[in-house]
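These notes are about the structure you will find just below.
Just so it is clear, the values below take in all heavy atoms, side chains as well, and ignore hydrogens, waters and symmetry mates. The sequence lines fix the lettering, A, B, ..., with proteins before strands; numbering per chain opens at 1.
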2 protein chains.
Amino acid sequence: MKLQQLRYIAEVVNHNLNVSATAENLYTSQPGISKQVRMLEDELGIQIFGRSGKHLTHVTPAGEQVIKIANDILGKVESIKKVAEEYTKPDQGELNIATTDTQARYALPQIIRQFIERYPKVNLHMHQGTPSQISEAAARGDADFAIATEAMHLYSDLIMLPCYHWNRSVVVSRDHPLASRSQISIEELARFPLVTYVFGFDKASEIERGFHGAGLEPRVVFSATSADVLKTYVRLGLGVGVIASMAIDPVIDKDLVAIDASHLFAHSTTKIGFRKGSFLRSYMYDFIERFAPHLTRDVVEKAVALRDAQLIEQMFADVELPLR
Amino acid sequence: MKLQQLRYIAEVVNHNLNVSATAENLYTSQPGISKQVRMLEDELGIQIFGRSGKHLTHVTPAGEQVIKIANDILGKVESIKKVAEEYTKPDQGELNIATTDTQARYALPQIIRQFIERYPKVNLHMHQGTPSQISEAAARGDADFAIATEAMHLYSDLIMLPCYHWNRSVVVSRDHPLASRSQISIEELARFPLVTYVFGFDKASEIERGFHGAGLEPRVVFSATSADVLKTYVRLGLGVGVIASMAIDPVIDKDLVAIDASHLFAHSTTKIGFRKGSFLRSYMYDFIERFAPHLTRDVVEKAVALRDAQLIEQMFADVELPLR
DNA sequence: GCCAGTTACGAACCTCGTAACCATC
DNA sequence: GATGGTTACGAGGTTCGTAACTGGC
């Protein structure tokens with residue numbers, strides 16, 4: 001058994017069992033992978049992939065288990081490399097952050113500015129995507145951190161730590177009937193067409209819950225994943241915006257009126273997640289603490305030791321999180 | 001980085017940094033290992049081993065971390081092999097049990113007889129040793145199971161599950177003054193020279209505690225690790241034996257008198273332990289359940305998911321364990 | 001001077017890439 | 001016929017063992 005073989009089977013799975021595509025992605029030849037995969041199967045005496053003729057059609061049950069462990073191994077190999085780099089290049093390395101538009105645009109810039117000032121030799125890469133893409137990137141090891149609000153709980157391979165609560169605001173243009181109001185009821189809001197985040201995406205569910213709790217059905221005429229896009233359509237008069245309060249910039253958005261809606265919808269919690277068993281560089285701990293000051297290295301290490309999502313939730317049950 | 005290199009560094013550590021001995025043990029050449037170790041160090045850019053001249057003197061801090069992860073990886077490589085064997089040879093394989101004399105001699109024979117009858121193709125190997133040797137064998141992966149009463153908690157890499165409680169008996173020859181007594185007090189016992197397990201070994205501490213609790217100091221004139229040895233010296237009239245009740249055979253030991261001492265010393269708990277993250281073959285689950293019927297596969301899997309020793313202890317807090 | 005690790009070198013083996021071939025859609 | 005996997009084969013590199021060498025105790 002070779003590490004290379006484990007890499008190959010893991011990557012073949014990541015490429016939907018397409019060996020040619022895998023080869024291209026790994027800058028190697030297709031026959032090479034094909035052969036190593038079969039050699040591993042021969043050595044183990046089992047089929048990892050089911051085949052119809054020459055095509056790989058599915059992963060066998062035995063294969064599922066093997067691939068799961070192979071991914072653990074490959075993650076730990078990366079950990080060894082990171083341990084070494086921690087000694088050879090203390091303040092140098094990569095930091096891959098997978099997150100949503102809103103976080104990247106409104107929550108992270110301050111932190112990242114400070115961070116790159118402190119760690120000029122750390123190369124920072126941002127990966128944007130849907131919450132599930134984000135979580136998967138972290139679970140696969142493509143990203144060091146996943147920062148998002150929802151869907152993260154679906155990946156049991158991730159350690160997730162709560163960072164902060166946030167609320168929504170209703171946003172309208174200055175000439176809108178609601179513009180003069182300082183407070184709005186859910187019934188009033190329900191009369192207007194809404195412009196808000198894509199349902200099922202990041203942060204929609206609390207909005208739905210807010211309306212349903214009052215026996216109302218929201219009328220969403222336009223939805224998108226990015227607050228900037230939403231604001232643009234609010235400006236066009238398409239409807240009333242319901243967006244994260246932190247996504248309202250007093251300068252840029254001075255042509256809009258924002259009305260706090262924290263009494264209409266329950267707050268959401270943004271979390272930071274990373275792969276279980278992965279080694280965190282010192283600067284990664286530092287990043288976490290800059291992003292969420294209550295998540296000191298000690299706290300993070302304690303949470304890592306717990307490993308279980310429910311236990312970690314309990315650990316933070318009585319911690320007062322910041323509100324943004 | 002090659003798996004072979006990880007194997008080498010792990011084995012060099014297991015052989016007290018003696019490369020020649022490692023090479024011999026792995027049936028390979030000393031220069032081969034030496035070279036691969038340095039190649040790995042070069043690749044990682046760190047020293048794993050500290051050297052004075054040509055001798056390896058110690059493991060560096062970075063090395064400690066790397067070796068820890070390397071062992072995880074090697075354990076998972078074994079898991080992959082076991083997964084494969086679970087499919088290719090369902091009722092076939094190896095079972096390595098590390099345990100103490102007493103368990104091997106009195107607790108296990110029944111179970112093992114049944115087990116080899118059910119699984120004739122499983123090769124069973126028993127490794128005897130002190131509790132710490134036993135735990136280490138399991139933690140290193142040399143043994144699948146560690147079965148012992150003490151010292152197992154020192155190894156955080158092990159999952160330990162409680163199997164049964166047991167008590168001690170006072171054992172004397174038929175002509176001894178105590179032979180006619182049906183019950184003994186701690187004060188009476190303190191008047192006689194004792195023959196019992198080596199202190200610090202398996203099961204001594206509860207005996208010490210029993211005496212100290214009454215403000216007494218036991219006078220141990222002879223100690224050994226094996227109940228059979230102890231009984232032999234009781235027969236010679238060297239002293240009064242205090243041994244595990246299960247180590248008294250009504251037939252073989254009919255020349256001795258055993259008096260229950262469960263009211264003098266708190267019971268001990270025998271545990272079964274195995275390495276965290278290791279894959280357990282079906283027959284291994286079966287073995288556990290035969291040895292401790294409350295440890296069904298479900299229960300074991302739940303405990304494995306908890307991972308933490310304290311949490312596992314809580315899990316069994318209200319379980320009534322059998323008494324032997 | 002002995003023990004233990006390093007350097008040097010050659011044989012055997014393995015990995016990988018190219019090219020030709022073949023199965024499935 | 002296009003896509004994708006297997007077989008065949010040769011070049012290049014890697015690993016491993018033997019042998020000679022060298023630094024500590």
request  = Return yes if a side-chain donor-acceptor contact under 3.5 Å exists between B:Gln65 and A:Tyr87, otherwise no.
outcome  = yes
query = Looking just at side-chain N and O atoms, do A:His127 and A:Asn96 make a donor-acceptor pair shorter than 3.5 Å?
reply = yes
ask   = The side chain of A:Ser29 lies closest to which of these nucleotides: D:dG17, C:dG5, C:dT18?
value = C:dT18
task = Tell me, yes or no, whether the heavy-atom count around B:Lys276 atom NZ, taken from other residues, nucleotides or ligands under 6.0 Å, exceeds 12.
result = yes
Aromatic plane relationship, B:Tyr119 with B:Tyr283 - under 30° parallel, 30 to 60° tilted, over 60° perpendicular = tilted
Could you run down the sub-3.5 Å N/O contacts of the protein with nucleotides 7-14 of chain C?
{"residue": "C:dT7", "atom": "OP2", "partner": "B:Arg38", "partner atom": "NH1", "Å": "3.0"}

Rounded distance in Å - [atom1] ([X]) to [atom2] ([N]):
X       : N      : atom1 : atom2 : result
B:Glu24 : C:dA4  : CD    : P     : 10 Å
B:Leu3  : C:dT15 : CG    : P     : 12 Å
B:Gln5  : D:dT15 : CD    : P     : 7 Å
B:Asn18 : C:dC2  : CG    : C1'   : 14 Å
A:Gln4  : D:dT14 : CD    : C1'   : 13 Å
A:Glu41 : D:dG5  : CD    : P     : 13 Å
B:Ile33 : C:dG5  : CD1   : P     : 10 Å
B:Leu26 : D:dT15 : CG    : P     : 16 Å

query = So, is B:Ser20 near the phosphate of C:dG5, with a side-chain N or O under 4.0 Å from OP1 or OP2?
reply = yes
ask   = Side-chain N or O of B:Tyr8 less than 4.0 angstrom from OP1 or OP2 on D:dC16?
value = yes
Are [X] and [Y] ion-paired here, with the side-chain N under 4.0 Å from a carboxylate O?
X        : Y        : result
A:Arg281 : A:Asp286 : no
A:Arg297 : A:Glu301 : yes
A:Asp228 : A:Arg105 : yes

query = Under the 3.5 angstrom rule, does the side chain of A:Asn18 hit a backbone N or O of A:Ser20 as a donor-acceptor pair?
reply = yes
Between the protein and nucleotides 23-25 of chain C, list every N/O to N/O distance that falls short of 3.5 Å.
none

ask   = With side chains defined as the heavy atoms from C-beta onward, is the minimum distance between A:Phe287 and A:Asp144 less than 4.5 Å?
value = no
request  = Assign B:Leu17 to base, sugar-phosphate, or nothing according to its heavy-atom contacts below 4.0 angstrom with the strands shown.
outcome  = sugar-phosphate
